[in-house]
Amino acid sequence: MRTVVAPIEVAPPDSAALPPEWAAWAEEPGRAVRIEEDGAVLGVVHAVVVGREEAWFEGLWVRPSARGRGIGRRLVGEAEALVRGHGAAVARTAVPARDYGALAVAERAGYVRHSEAAVLVGPSVAGPVEASYEAPVRAARVEETAVTARLLSESSPLAGWRGLLPLGWRFRRLVPELVRGLIQDRRVLLSGREAEGVVLFAVRGGDVVLSTLAGPAAHRAALLGSVVERARAEGASRIALFSPDARGGEDLRADLVPHPWCPDGLVIVEKAL
């Protein structure tokens, strides 16, 4: 039995181990840690460094015939050693709330509950995009990095996530350099003359992924409309919204429902390495 570390190329063999969009929504490359025996893959987990001292694990899978042999525990240990070598001091992962088996595995490995999140999806808003004179929308400027970071850190989504920010399916700490990079990539919109609302987003294939949408109701609607307008131009036809809970889309003119991979939400767990 041997451990192999290689670039992530394909999803784990069990399609339920990761949501179908994981690769399209990914923000950074990672490594696949595999355990093999006689040419067969017994288990795999993906390890990704997402910040200066942060790592993210995803897609833990063990072949059914190999379960009960400690393969999952060994995979997690190997992944932790790998990311520690890259300077990570904390590792996190997200588990569907009803996946009690995976939550138990995480707990036995020393991971503790950090926060919860909902992922809501639905078709793009149809019809013309309405603009509100109360909430003019514009792209954030680099010189507004500090203002934007403060607006995000004080928002209700980050309060629910205790300071974490999702990019794709991966959560990491909100830090000024991350905000600056997102602004430079033109992925941050502000609303209001005094920056009362904010949205972080990315167009990934046919999806527009809203990592955070915060502000008063009129501002949230205006920000969503501006994002949808841009997404249409790039061919996206579906909205995905990350929210602290399933009520996050109730005030929006959008038909959003929980993502089928995590219909009861996600539990984010973490461990100091």
Side-chain angles (χ1 to χ4, degrees), residues 18-30 46-59 88 90-97 106 111 113-122 140 148-149 151-183 185 187-189 197-205 207-215 220 223-224 227 231 236 238-249 252 254 256 258-270:
L18 284 175
E21 311 89 348
W22 74 271
W25 292 7
E27 296 281 346
E28 54 274 291
H46 295 167
V48 186
V49 175
V50 296
R52 190 175 298 169
E53 297 181 342
E54 299 171 280
W56 184 262
F57 299 152
E58 61 194 19
V90 62
R92 299 186 185 93
T93 190
V95 181
Y111 287 77
R113 183 183 295 250
H114 178 277
S115 53
E116 298 178 1
V119 185
L120 308 174
V121 293
T148 304
L151 181 61
L152 286 166
S153 65
E154 295 173 353
S155 69
S156 56
L158 265 75
W161 296 323
R162 295 171 52 196
L164 296 186
L165 178 71
L167 293 181
W169 291 91
R170 302 164 182 166
F171 287 70
R172 77 285 314 276
R173 283 281 166 201
L174 173 71
V175 294
E177 54 263 39
L178 173 60
V179 177
R180 176 180 290 270
L182 293 170
I183 290 175
D185 289 343
R187 291 174 50 185
V188 184
L189 300 180
V198 60
V199 63
L200 304 184
F201 69 98
V203 179
R204 297 288 187 243
D207 298 329
V208 54
V209 184
L210 283 69
S211 298
T212 307
L213 177 61
R220 284 165 49 86
L223 288 163
L224 177 63
V227 170
R238 189 176 72 155
I239 296 170
L241 170 66
F242 282 78
S243 170
D245 57 55
R247 300 187 302 274
L252 301 172
L256 302 178
H259 192 289
W261 185 69
C262 50
D264 298 291
L266 295 171
V267 177
I268 296 95
V269 297
E270 69 176 17

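When side chains are defined from C-beta on, L164 counts as touching R173, because their heavy atoms get closer than 4.5 Å. Residues R162 and I268 are not in side-chain contact: their nearest non-hydrogen atoms beyond the backbone lie 4.5 Å or more apart. Under the 4.5 Å side-chain criterion, counting only non-hydrogen atoms from C-beta, L210 is in contact with I239. Looking at F171 and H114, their side chains never come closer than 4.5 Å, going by heavy atoms from C-beta outward. The side-chain heavy atoms of Y111 and F57, taken from C-beta on, include a pair separated by under 4.5 Å.
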Quick one: do E21 and R238 satisfy salt bridge (charged side-chain N to carboxylate O under 4.0 Å, His left out)? Show the steps, please.
CA-CA 12 Å; E21 311 89 348; R238 189 176 72 155; 2.8 Å; yes

Before you tell me yes or no, could you show the steps for R92 and E54 under salt bridge (charged side-chain N to carboxylate O under 4.0 Å, His left out), namely the whole-Å CA-CA distance, both residues' side-chain angles and the distance that decides it to 0.1 Å?
CA-CA 8 Å; R92 299 186 185 93; E54 299 171 280; 2.8 Å; yes

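Closest non-hydrogen pair, A118 versus A246, comes out as CB-N, 3.7 Å. Of all non-hydrogen atoms in S211 and L167, the two that sit nearest each other are OG-CD2, 3.7 Å. When all heavy atoms of T148 and A140 are compared, the closest pair comes out as OG1-CB, 4.1 Å. Contact between A236 and V203 at its shortest, heavy atoms only, is CB-CG1, 4.0 Å. Between T212 and S155, the shortest heavy-atom contact is CG2-OG, 4.5 Å. Across every non-hydrogen atom of V121 and A240, the tightest pair is CG1-CB, 3.9 Å.
Here the CG-OG distance, from L158 to S153, works out to 7.5 Å after rounding to the nearest 0.5 Å. One finds the CG atom of L178 at 6.5 Å from the CZ atom of R172 (value rounded to the nearest 0.5 Å). With values rounded to the nearest 0.5 angstrom, R187 atom CZ is found 5.0 Å from L182 atom CG. Atom CG in D185 sits 8.5 Å away from atom CD in E27 (nearest 0.5 Å). Rounding to the nearest 0.5 angstrom, the gap separating the CH2 atom in W56 from the CD atom in E28 is 10.5 Å. In this structure, CZ in F242 is found 8.5 Å from NE2 in H259, a value given to the nearest 0.5 Å.
Screening V227, L152, V209, L174 for a side chain to side chain contact (heavy atoms under 4.5 Å, CB included) with L200, the sole residue that qualifies is L152. Considering I183, L223, L224 in turn, L223 is the only one that fulfils the side chain to side chain contact (heavy atoms under 4.5 Å, CB included) rule with L189.
Ionic pairing of R170 and E58 is present here: one or more N-O contacts between side-chain nitrogen and carboxylate oxygen are shorter than 4.0 angstrom.
Ring-plane geometry between W25 and W169 is classed as parallel, the angle between the planes falling under 30 degrees on a 0 to 90 degree scale with a further cut at 60.
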